[in-house]
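For reference, the structure is listed below as structure tokens.
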Amino acid sequence: MPGLWRKIRKTGRVAEPAPARVPAEVPAAAAELAGSIQIRHVDAGSCNGCEVEIGSVFGPVYDGERYGVRLVASPRHADALLVTGPVTRNMEVALRRTFEAVSEPRLVVALGDCARGCGVFAGAYGVVGAVGDVVPVDVEVAGCPPEPTAIVAALRGLTGR
Amino acid sequence: MITPVQVAVQITVQIVLVVAGAPLLTGMMRQVRARLEGRAGAGVLQPWRDLRKLARKEPITPQGTGWVFRLAPLVAAATVLVVAAVVPLTGTTSPLAGVGDLFAVVALLALGSVALALGGLDTGTAFGGMGASREMTVLALVEPTILMSIFALSVRVGSTNLGAIVTRTAEDPLDVVSPVSLFAAAALAIVTIAETGRIPMDNPATHLELTMIHEAMVLEYAGPDLALIEWASAARLGVLLGLLASLFAPWGIAGVGAGLAAVALAALILVIKVAVLGALLAAGEVFMAKLRLFRVPELLAGSFLMALLAVSASFFLG
Amino acid sequence: MSLVGWLFAAALALCALAAIGGLVWPRSWVAGAGTVAAGLAAATAGVASVVGSRWSAWLPDVLPLAGVRLSIDPLAGLFMAVTGGVSVCVAVYGIGYARTPGHRLDSRGVQAAVPLFVGAMVLVPAAASVSTLLLAWELMALTSLLLVLAEHRRRAEVGRAGLWYAVMTHLGFAAILAGLALFAAGAAGESFDQLRAAELPPGLRNAVFVVTLAGFTSKAGIVPLHVWLPRAHPEAPSHVSALMSAAMVNMGCYGIVRVGLDLLGGGPAWWWLVVLAAGALSALYGILQAVVTSDLKRLLAYSTTENMGLVLVGVGAAGFFAASRAPALAGLALTAALLHVVNHAGFKTLLFLAAGSVLRATGARDLDALGGLRARMPHTTVLFAIGALCASALPPGNAFVSEWLLLQSLIRVSPLSGVAGAVTMPLAVAVIALSAGLAVATFVKAFGVGFLARPRGVGAERATESPPSMLAGMGLAAVACLALAVVPALALPAVGSAAAVAFPQTPPGLVSGAVTLALAGVRGVLSPLLIAGSLVVALVAVLGTVRLLAARRARRVARLWDCGAGPMSARMEYTATSFAEPLQRVFDDVLAPETDVDVTPARESAYLVERVAFHARVPDRVERRLYAPLLAAVDGVGRSVRGLANGSVHRYLAYGFYALIGMLVVLAVLR
Ligand code: SF4
């Protein structure tokens, strides 16, 4: 325990200073949520590259939580779905049902090139299509995988902070 | 004698403090954790933003649930509200001293847990049942510790009346370092952690359903219902910490017949005490991992032993 | 004859009439109406006697040799009132319940036995001599045995349960008979007045107390003599279970209070520590078994053992305090115990009747096959919820009040009263606390798994609401529970004056106040009414705030969150067994559950599994460890002496001859 304490003291603040917010249009649904977005992450068939980046968004360095974003366990608690990967056949119904489980107002963020347009998996036999083909998408984040800064910027666009 | 005006003032102050302050306490605790983990944190006001947002969202009734599911958040919030009015947080006399004593407070909080557990069972999902089962297990095992601690505290005073216990400690500050108080405080601290579902009993921030206790019961709630539940669990923590502060460190609490200024000062001191306790709790959580579910009974057995020691100390060390 | 006397006589006469009516004209409403009237009369008689009018009578010609001696004092009145109240609810319920298709509960035998059973239970507390008490006791045992066996043609287990009950209850009877016979032999006569005046040597007093204690605890379902309860209750018709569990077991407590505190006038502290220990053991053991069982009626039966245990903790503490010269505490503890008797009678009636409705509608007692009754039996669900709230000792339920009183009396033990008290009382508090916590878990399980969510079995799916008379019976019990819960001052004076029979020297007004209960001499207050009121106010305030601030969007009905897969089936729900599993693991050492996993490998390879079967059972450990060896031993003795009886008349004559010779020799030597 003293070791951990020393480590905390030595490390200090890891979070990078928040970059200036890029003024962008906030979707109407997000405006109503006023600075608090709870996210349920859905892996619709990703290669897990995007998940690694999401992990670092909520790690100490990028600290996504400081903008009012939090990951939650149940879509009932969520305001936004963070969907990664192309939608595979096995996940199509699940994605739709998860979307239906979220209470209004609700948002969908399509994260990564796969989610936007199937990326490298386009045309694969197990793929239904992009996220937008299954549920309405409000925000897209480009990249394969997208950088944490891009994800943070997109999320800040939703919370407006 | 306590005047009706003071009663009204005290009740109002306590309820306002708990209602407004509980989410801030959660926010502060998250902030402390964030800072210790090297993060910046979302700010103390974030839980209030969350609540505001949840209140605006659409409530959802899952298919196959009924009045029990709908009633559960209301009962959970109402019990905390009653407890907030009953316990002596700002003055030595509980504002509603005639309503009940420490036993009643404990039982009311248990009623809130039971309501949520039934709400979880009513959904018929595996997670709801699992959360309910675990919550009830912890509740059953916590009960002996609580009652033994009450026993220990009441021996000196000859009463389980909260006001009487607090007055006695306030009048005799050395009591705080007596073995009875120390053991009882340790036991009740563990109980508070267990009852409010904090680390190491339960992890309020977990996303993994299989490790959940409290969260698993409320997975189906959305919107305003969820807001009530989140508020209730924050308020529960606030009230319990406030109670701990009043029982074991009643300095600055308003005495009988105190004026408005004294109550205001007591409220301020209470806020500081609860904030310190909350910060300590949050800092402690950074150093610990959640216990495996079946190790929890061992910890609770330890707390029971401490409560038993407190009782023996109160008998034999007088 | 005073009012009490007339009412009492009327109650007995109505019971007899109802029994005859049931025999002659087996329509369920005939005996039902008679029993309701009898119950009302008995309850009124009880209340009247508690209020202060006493009555006694000696009818020398009714029985040969001893005659019948009756007397109704407040203690008797309290138990009579409880019995009467329970009988009214049960009889109203029984009118509809007896018509259950396929159960044959409207047969002449059952219709006649119910009022007779009620009459016997009314008679027991009124008995004022040893012979009258024993007679009434035996009548109560026999009529209840008949009723337990009501459905023996339909299920084989009923017969076994009846056998257990018959044996246990008669062993208990034998113990009471022996104890009271000893007592009467040492006293000038067998009437209670003579017993009270008797000066017995301490050894004899001890013997009388211990032997009668064994007998009475077997009736009260106290561990280790509880084994008949979890067997008889599930197999008996549910309204009979309610009568037995809410009224008959109380007689065991009555007996202990009457003989131990009243007739023997208290005793050394160790008597009462034994009572307290037995009570604490029962409370804990009973509720531990209840929390792991998944049979609804068995669960309720074990909960009876728990509650009777709590009552005995109170009685034991009362005797102990009296022995250590703390009359105020003694009075408080006994008041708490007796109040718990009343409260337990209320909620246990309600719960058993509701369980009967469930059984009637679904054909299932197994919680793992129930569920989803909230939508199908809405009234029964609400009524069971009230009962479960009361039974789990949470405010605003009635058991909370009596347990609160009990705890208040226990924690008031003075450190100066000696080591025994200083060690026992904290442990008793811990036991009560643990059993209260486990009771919460038990009834959350019973209600949450049994009534909420979706049906787990075909029976539960087809369930329909019970007929009005059954609902009315349960409704009466629920109203009584709620009244006792919110205004315990309704019952407290009665309970107080009953306690004063055992402790005439207690100061009056131990627990006072109509709205707020205040304890004499200590700052302990509780106001169930204010708690309930402020809960309602808080609920309304919360609801109002939510409506005001959060009414932007309409509520939507959505499918259950099934993690995106699904649909969820009832097999994915938590069952009673899985609900109790964590607690079963925690108390593994005490409960010693038996689990076994059968893995059937495929024929091709041992590594390929074809089928896995899992069985889990939590047997009653006392039964396993104590009774099984005992029964085996008795069986062995029986087997080995079988050779003595080979059917030859000559041999039997020789046995008689040898016995006579032996007796003469003994007499010759001793004289
Ligand atoms: S976008 Fe790239 S990293 Fe993300 S899932 Fe697709 S392939 Fe993987």
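All values derive from a computational prediction rather than experimental measurement. Convention: sequence-line order gives letters A, B, ...; per-chain numbering from 1. Computed over heavy atoms, backbone and side chain alike; hydrogens, waters and symmetry mates excluded.
Between chain B and the residues C:Leu434, C:Thr575, C:Asp562, the most heavy-atom pairs under 4.5 angstrom are made by C:Leu434. For the set C:Ser578, C:Pro582, C:Ala441, the entry with the most heavy-atom pairs within less than 4.5 Å of chain B is C:Pro582. Most heavy-atom pairs under 4.5 Å with chain C: of the set B:Leu81, B:Ile15, B:Ile60, this distinction falls to B:Ile60. Of the listed residues (C:Met425, C:Arg456, C:Arg559, C:Met568), the one with the most heavy-atom contacts under 4.5 Å to chain B is C:Arg559. When each of C:Ser392, C:Ala538, C:Gly371 is scored by its heavy-atom pairs under 4.5 Å with chain B, the top score falls to C:Ala538. Ranking C:Thr381, C:Val449, C:Leu394 against chain B, the residue ahead of the rest is C:Leu394, based on heavy-atom pairs under 4.5 Å. For the set C:Ala570, C:Ala580, C:Pro395, C:Ala436, the entry with the most heavy-atom pairs within less than 4.5 Å of chain B is C:Pro395. Interface remark: of the candidates B:Ser154, B:Pro297, B:Gly66, B:Ser113, B:Gly66 forms the most heavy-atom pairs closer than 4.5 Å to chain C.
Rounded to the nearest 0.5 angstrom, B:Ser159 OG and C:Ile411 CD1 are separated by 7.5 Å. Taken from OG1 in B:Thr137 to CD in C:Gln584, the straight-line distance is 11.0 Å, to the nearest 0.5 Å. One distance of note links CG of C:Leu560 with CG of B:Leu219; it measures 11.5 Å at 0.5 Å rounding. C:Leu407 contributes atom CG, which lies 11.5 Å from atom CG of B:Leu102 (distance to the nearest 0.5 angstrom).
Residues B:Leu141 and C:Val586 have side chains in contact (heavy-atom distance under 4.5 Å, counting atoms from C-beta outward). With contacts defined as side-chain heavy-atom distances shorter than 4.5 Å, the pair B:Leu111/C:Pro396 qualifies. Taking 4.5 Å as the limit, some side-chain heavy atom of C:Phe579 sits within range of a side-chain heavy atom of B:Met136. Side chains of B:Val82 and C:Ile531 form no contact here, defined as non-hydrogen atoms less than 4.5 Å apart.
With a 4.5 Å cut-off on non-hydrogen atoms, C:Thr545 does not touch chain B at all. For C:Met572, the part lying under 4.5 angstrom from a heavy atom of chain B is the backbone only. Only the side chain of B:Phe304 comes within less than 4.5 Å of a heavy atom of chain C; its backbone N, CA, C and O stay farther away. Both the backbone and the side chain of B:Glu58 come within less than 4.5 Å of a heavy atom in chain C. With a 4.5 Å cut-off on non-hydrogen atoms, B:Ala132 touches chain C through its backbone and its side chain both. With a threshold of 4.5 angstrom between heavy atoms, B:Leu108 approaches chain C through its backbone and through its side chain. For chain C, the nearby part of B:Leu228 is the side chain; its heavy atoms alone come within less than 4.5 Å. Both the backbone and the side chain of B:Thr79 come within contact range of chain C, with heavy atoms under 4.5 Å apart. Contacts between C:Ala558 and chain B at a heavy-atom distance below 4.5 Å involve backbone atoms as well as side-chain atoms. Only the side chain of C:Phe400 comes within contact range of chain B, with heavy atoms under 4.5 Å apart. Heavy atoms of B:Phe103 lying under 4.5 Å from chain C belong to its backbone as well as its side chain. Contact annotation for C:Leu389: only side-chain heavy atoms (C-beta onward) come within less than 4.5 Å of a heavy atom of chain B. Interface remark: C:Arg374 contributes side-chain atoms only to the contact with chain B (heavy atom separation under 4.5 Å).
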Quiz item: Going through the distances and angles, do C:Val444 and B:Glu135 end up as a side chain to side chain contact (heavy atoms under 4.5 Å, CB included)?
Solution: CA-CA 11 Å; C:Val444 165; B:Glu135 179 91 352; over 6 Å; no

Quiz item: Could you walk me through whether B:Val114 and C:Phe443 pass the side chain to side chain contact (heavy atoms under 4.5 Å, CB included) check?
Solution: CA-CA 10 Å; B:Val114 165; C:Phe443 285 98; over 6 Å; no

Practice problem: Kindly determine whether C:Trp404 and B:Asp101 satisfy side chain to side chain contact (heavy atoms under 4.5 Å, CB included), including the steps that lead there. | Solution: CA-CA 10 Å; C:Trp404 180 83; B:Asp101 56 358; 2.9 Å; yes

Quiz item: Checking side chain to side chain donor-acceptor pair (under 3.5 Å) for the pair C:Glu581/B:Ser133: CA distance, chi angles, key distance, verdict?
Solution: CA-CA 8 Å; C:Glu581 201 266 355; B:Ser133 153; over 6 Å; no

Self-check item: Evaluation steps, side chain to side chain contact (heavy atoms under 4.5 Å, CB included), between C:Arg556 and B:Thr61
Solution: CA-CA 6 Å; C:Arg556 170 165 68 103; B:Thr61 304; over 6 Å; no

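In terms of heavy atoms, B:Ala104 sits closest to C:Leu526 at CB-CD1, 4.0 Å. For C:Arg454 against B:Thr123, the heavy-atom pair with the smallest separation is NH1-O, 3.8 Å. Here the closest heavy-atom approach between residue C:Leu539 and residue B:Ala78 is recorded as N-CB, 3.7 Å. Nearest approach of C:Pro426 to B:Phe151, heavy atoms of both residues: CA-CE1, 3.3 Å. Annotation for C:Leu452 and B:Val68: closest pair CD2-CG2, 3.6 Å, computed over non-hydrogen atoms. Nearest heavy-atom pair, B:Thr125 versus C:Trp561, reported as atom, atom and distance to 0.1 Å: CG2-O, 4.1 Å.
A salt bridge links B:Asp225 with C:Arg555; the closest basic N to acidic carboxylate O contact falls under 4.0 Å.
A distance-only check finds no donor-acceptor pair linking the side chain of C:Arg553 to the backbone of B:Pro59 [under 3.5 Å].
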